[in-house]
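Remember, it's 1-based here, ligands and their atoms both numbered in the order they're listed. Quick note: residue numbers are just sequence positions, from 1. None of the values given here were measured: they were computed from a predicted structure.
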Amino acid sequence: MRTKVAIIGAGPAGLLLGQLLHAYGIDNVILERQTPDYVLGRIRAGLLEEGTVALLDEIGAGQRAHREGLVHEGIELAFSGARHRIDLHGATGKTVMIYGQTEVTLDLMNARLASGLTTLYEAENVKPLDFDTDHPRVTYVKDGVAGEIACDFIAGCDGYHGISRASVKPSAIENFERVYPFGWLGILSDTPPVNPELIYSNHARGFALCTMRSTRRSRYYVQCPLEDHIDQWPDERFWDELKRRLDQETADKLVTGPSIEKSIAPLRSFVAEPMRFGRMFLAGDAAHIVPPTGAKGLNLAASDAHYLALAFREYYDEKSSAGIDAYSAKALSRVWKAVRFSWWMTSMLHKFPDTGTFGARIQLAELDYVTNSKAAMTSLAENYVGLPF
Ligand SMILES: Cc1cc2nc3c(=O)[nH]c(=O)nc-3n(C[C@H](O)[C@H](O)[C@H](O)COP(=O)(O)OP(=O)(O)OC[C@H]3O[C@@H](n4cnc5c(N)ncnc54)[C@H](O)[C@@H]3O)c2cc1C
């Protein structure tokens with residue numbers, strides 16, 4: 001098989017890149033290790049920046065998001081028993097949209113299907129090869145039969161545990177990492193959200209987040225020790241702990257119910273530099289991870305796909321390598337700002353085992369400042385709604 005761009009991974013980065021390339025007339029094939037159902041079953045992100053929604057619109061896949069997504073103009077920060085609103089729209093003129101990653105993925109998969117593009121699901125043993133030459137290729141095994149795709153470029157969109165970054169020789173890559181000493185225990189439940197806007201709570205017992213997927217489906221998180229297992233967290237214990245970390249009014253309003261999904265996610269910040277290795281380019285979680293506190297992971301996957309698609313378009317339409325040469329630096333400049341913001345939100349809102357009462361007081365001072373200074377509030381809002389791309 002031959003294509004212009006072989007994309008490894010059918011998560012948001014790979015699927016969006018594939019559709020953008022298709023819109024620019026650039027042929028591409030996606031190889032995905034899992035089945036479509038498995039990819040769709042992963043409950044992850046839920047908050048889209050306006051720029052991400054605009055990209056869905058650009059490829060004609062945004063209709064359902066506009067119909068079903070919930071547009072939010074603000075968020076609330078809770079600390080010391082009270083809630084304080086950050087007016088995102090008032091500060092920036094922009095909003096964010098609640099629309100689950102599973103829905104984004106489904107819309108992108110349907111768009112791909114309608115475009116008649118090739119996606120090889122359940123592709124095993126995928127290997128990006130010869131990307132330091134002018135003739136890169138990707139080999140794989142599907143249904144027990146070995147296959148090979150010859151291509152001009154490889155896009156590694158295969159997430160943090162993917163094969164693309166792992167195929168680069170260690171001397172060519174530099175990794176930057178911060179692993180946080182706690183995780184997020186999250187549940188999904190078919191109960192009405194406790195508040196129309198997200199509540200981020202800093203509490204002496206640990207962080208909590210009240211978010212949602214729709215007006216009928218809630219997503220709640222509590223900070224938990226990394227060693228914890230979901231078996232230790234029956235629903236009743238979860239609801240009880242969540243209530244204890246919320247202000248009284250919110251706790252009283254909380255509607256509880258059986259969880260339909262429950263998982264523990266470790267929190268880490270990670271960036272691999274550069275994001276280009278000869279004719280292979282990394283995009284999304286394959287190159288960087290942020291803790292979900294800033295709601296940036298999926299949105300960064302989208303901005304990487306945007307930059308990379310424009311770079312390939314320039315290469316094919318204008319016979320210029322300027323775009324692909326600039327891709328890594330351009331993407332990393334936005335990535336590092338989102339990494340900084342996600343780290344800052346995480347640092348301000350979680351209970352850290354090693355910073356003691358001094359650290360807790362500094363957090364409260366910061367929250368007090370952020371919710372009372374127009375400049376600080378605007379800075380939070382500007383980053384939260386997403387820096388331009
Ligand atoms: C609990 C949680 C909450 C989150 N909340 C938010 C949020 O609110 N907002 C936000 O923006 N982000 C959030 N994120 C992050 C977001 O989900 C990710 O950043 C996003 O999925 C990245 O997309 P991606 O396409 O780069 O990677 P992925 O979604 O990981 O997709 C990679 C794909 O590559 C495939 N693959 C892997 N290895 C191979 C291989 N060897 N061969 C072929 N295919 C392979 C995988 O099966 C997968 O389908 C959250 C994440 C978690 C875990």
Inset, instruction - List the closest protein heavy-atom neighbour of atom 31 (O) of ligand 1: residue, atom name, distance to the nearest 0.1 Å. - result: G11 CA, 3.4 Å
Legend entry - Geometric N/O contact G297 with ligand 1, under 3.5 angstrom: yes
Legend entry - Charged N-O contact under 4.0 Å between K262 and D235: yes
Legend entry - Result of checking I86, V96, I98 against L198 for side chain to side chain contact (heavy atoms under 4.5 Å, CB included): I98
Inset, instruction - Could you find the nearest protein heavy atom to atom 41 (N) of ligand 1 and give me its residue, atom name and distance? - result: I163 CG2, 3.5 Å
Legend entry - Proximity winner for atom 1 (C) of ligand 1, if only heavy atoms of A265, A166, P128 are counted: A265
Inset, instruction - Could you tell me whether some N/O pair between R44 and ligand 1 is separated by less than 3.5 angstrom? - result: yes
Legend entry - salt_bridge(E241, R237) N-O dist < 4.0 Å: no
Legend entry - Enumerated ligand 1 atoms positioned under 4.0 Å from heavy atoms of C157: 32 (C), 33 (C), 34 (O)
Legend entry - Closest candidate by heavy atom, reference atom 50 (C) of ligand 1, pool P36, P291, A302, A45: A45
Inset, instruction - May I ask you to decide if the ring planes of H84 and F79 are parallel, tilted or perpendicular, using 30° and 60° as cut-offs? - result: parallel
Inset, instruction - Could you check atom 26 (O) of ligand 1 against the protein and tell me its nearest heavy-atom contact, residue, atom and distance included? - result: D285 N, 2.8 Å
Legend entry - Contact with ligand 1 for G186, non-hydrogen, under 4.0 angstrom: no
Inset, instruction - Could you tell me which atoms of ligand 1, counted from 1 in the order shown, lie closer than 4.0 angstrom to a heavy atom of P292? - result: 3 (C), 4 (C), 5 (N)
Legend entry - Basic-acidic side-chain contact under 4.0 Å: R85, E76: no
Inset, instruction - May I ask you to establish whether K296 and Y384 are in a cation-pi arrangement, using a distance under 6.0 Å from NZ or CZ to the six-membered ring centre and at most 45° from the ring axis? - result: yes
Legend entry - Where ligand 1 meets L31 - atom numbers and elements under 4.0 angstrom, heavy-atom basis: 43 (C), 44 (N)
Inset, instruction - Could you tell me which atoms of ligand 1, counted from 1 in the order shown, lie closer than 4.0 angstrom to a heavy atom of Q34? - result: 47 (O)
Inset, instruction - Could you list the atoms of ligand 1 found under 4.0 angstrom from a heavy atom of Q101? - result: 16 (C), 17 (O), 20 (C), 21 (O), 29 (O)
Inset, instruction - Please confirm whether R219 comes within less than 3.5 Å of ligand 1 when only nitrogen or oxygen atoms on both sides are compared. - result: no
Legend entry - atom 23 (O) of ligand 1: the protein heavy-atom neighbour that sits closest, reported with distance to 0.1 Å: P12 CD, 3.5 Å
Legend entry - Note: R268-E177 ion pair, threshold 4.0 Å (strictly below): yes
Legend entry - N/O separation below 3.5 Å, A301 to ligand 1: no
Inset, instruction - Look at atom 10 (C) of ligand 1 and find which of L47, N299, L298, I98 reaches it with the closest heavy atom. - result: L298
Legend entry - Salt bridge present between R217 and D190 (N-O < 4.0 angstrom): yes
Legend entry - V126 neighbourhood, listing ligand 1 atoms whose heavy-atom distance to it stays under 4.0 Å: 42 (N)
Legend entry - Six-ring centre of Y160, R165 cation under 6.0 angstrom, axis tolerance 45°: yes
Inset, instruction - Take every heavy atom of R42, measure it against each atom of ligand 1, and state whether any distance is under 4.0 Å. - result: yes
Inset, instruction - Taking only heavy atoms of D158 into account, list the atoms of ligand 1 that are under 4.0 Å away from them. - result: 32 (C), 34 (O), 36 (N), 37 (C), 38 (N), 39 (C), 45 (C)
Legend entry - Lys/Arg cation over aromatic F153: R279, 6.0 Å, 45° cone: yes
Inset, instruction - Using distance alone, determine whether E32 and ligand 1 share an N or O pair under 3.5 Å. - result: yes
Legend entry - Option from W239, W184, F238, W233 for which ring-ring contact (aromatic ring centres under 6.0 Å, His included) with Y220 holds: W239
Inset, instruction - Just jot down the ligand 1 atoms closer than 4.0 angstrom to any heavy atom of G46, in number order. - result: 7 (C), 8 (O)
Legend entry - Lys/Arg-Asp/Glu bridge criterion (N-O < 4.0 Å) met for K330, D325: no
Inset, instruction - Quick one: pull up CG in D228 and CG in L226 and give me the separation to the nearest 0.5 Å. - result: 9.0 Å
Legend entry - Heteroatom distance test (G284, ligand 1): nitrogen or oxygen, under 3.5 angstrom: no
Inset, instruction - Give yes if a backbone or side-chain nitrogen or oxygen of A13 is under 3.5 Å from a nitrogen or oxygen of ligand 1, and no if not. - result: yes
Inset, instruction - State whether E314 and K319 are salt-bridged, where the test is any N-O pair (Lys NZ or Arg NE/NH1/NH2 against Asp/Glu carboxylate O) under 4.0 Å. - result: no
Inset, instruction - Mark the output for Y221 as yes if a heavy-atom distance to ligand 1 is under 4.0 Å, and as no if none is. - result: yes
Inset, instruction - Give a yes or no on whether I30 and L298 share a hydrophobic cluster (residues Ile, Leu, Val, Met, Phe, Trp, Tyr; joining criterion: side-chain heavy atoms under 4.5 Å apart). - result: yes
Inset, instruction - Could you find the nearest protein heavy atom to atom 43 (C) of ligand 1 and give me its residue, atom name and distance? - result: R33 N, 3.3 Å
